[in-house]
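Report on the following structure.
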Amino acid sequence: MNNLNETGHEQLLESLKLSLPLVQRLFPIDVMFALADMEKFIYYLPGTELDIRIQEGMPSRREEEYEQRWRQARW
């Protein structure tokens with residue numbers, strides 16, 4: 001992805017944001033998706049019941065916090 005220019009990068013992110021809800025419906029189990037760059041979350045799609053409450057713009061470098069949220073997620 002280092003070869004993508006800024007416009008191409010933004011188009012790719014927008015395409016993923018549009019397609020992930022469709023991909024989510026293909027799974028026979030409850031899934032969530034999160035897109036992040038090296039600094040922050042760009043997009044979050046919670047599952048029906050699986051939700052670790054990530055918000056767009058939250059820092060993406062807090063592994064311990066997200067691991068704790070994962071363990072506390074309601075299934």
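On a predicted model such as this, the values are computed, not experimentally measured, just so you know. Index from 1, following the sequence.
Applying the side-chain contact (heavy atoms from CB on, under 4.5 Å) criterion to P21, with sequence neighbours excluded, gives Y43, L45. For E14, the side-chain contact (heavy atoms from CB on, under 4.5 Å) partners at least two apart in sequence or on another chain are K17. With sequence neighbours left out, T48 forms a side-chain contact (heavy atoms from CB on, under 4.5 Å) with D30.
When atom types are taken as modelled, the side chain of Q24 and the backbone of V31 share a donor-acceptor pair closer than 3.5 angstrom.
Linking Ile, Leu, Val, Met, Phe, Trp and Tyr residues whenever their side-chain heavy atoms come within less than 4.5 Å leaves L13 and L22 in two separate clusters. The hydrophobic clustering, which links ILVMFWY residues whose side-chain heavy atoms are closer than 4.5 Å, places L18 and L26 apart.
Residues D37 and I42 meet the side-chain proximity criterion, which asks for heavy atoms closer than 4.5 Å. Side-chain contact check for Y44 versus I52: some heavy-atom pair is nearer than 4.5 Å. Contact check for E56 versus F41: no side-chain heavy atoms found under the 4.5 Å cut-off.
For the atom pair CD1 of I54 and CG of L35, the computed distance is 10.5 Å after rounding to the nearest 0.5 Å.
Across every non-hydrogen atom of M58 and R53, the tightest pair is SD-O, 4.0 Å. Summarising the geometry of G57 relative to K40, their closest heavy-atom pair is O-CB, 3.8 Å, with the distance given to 0.1 Å.
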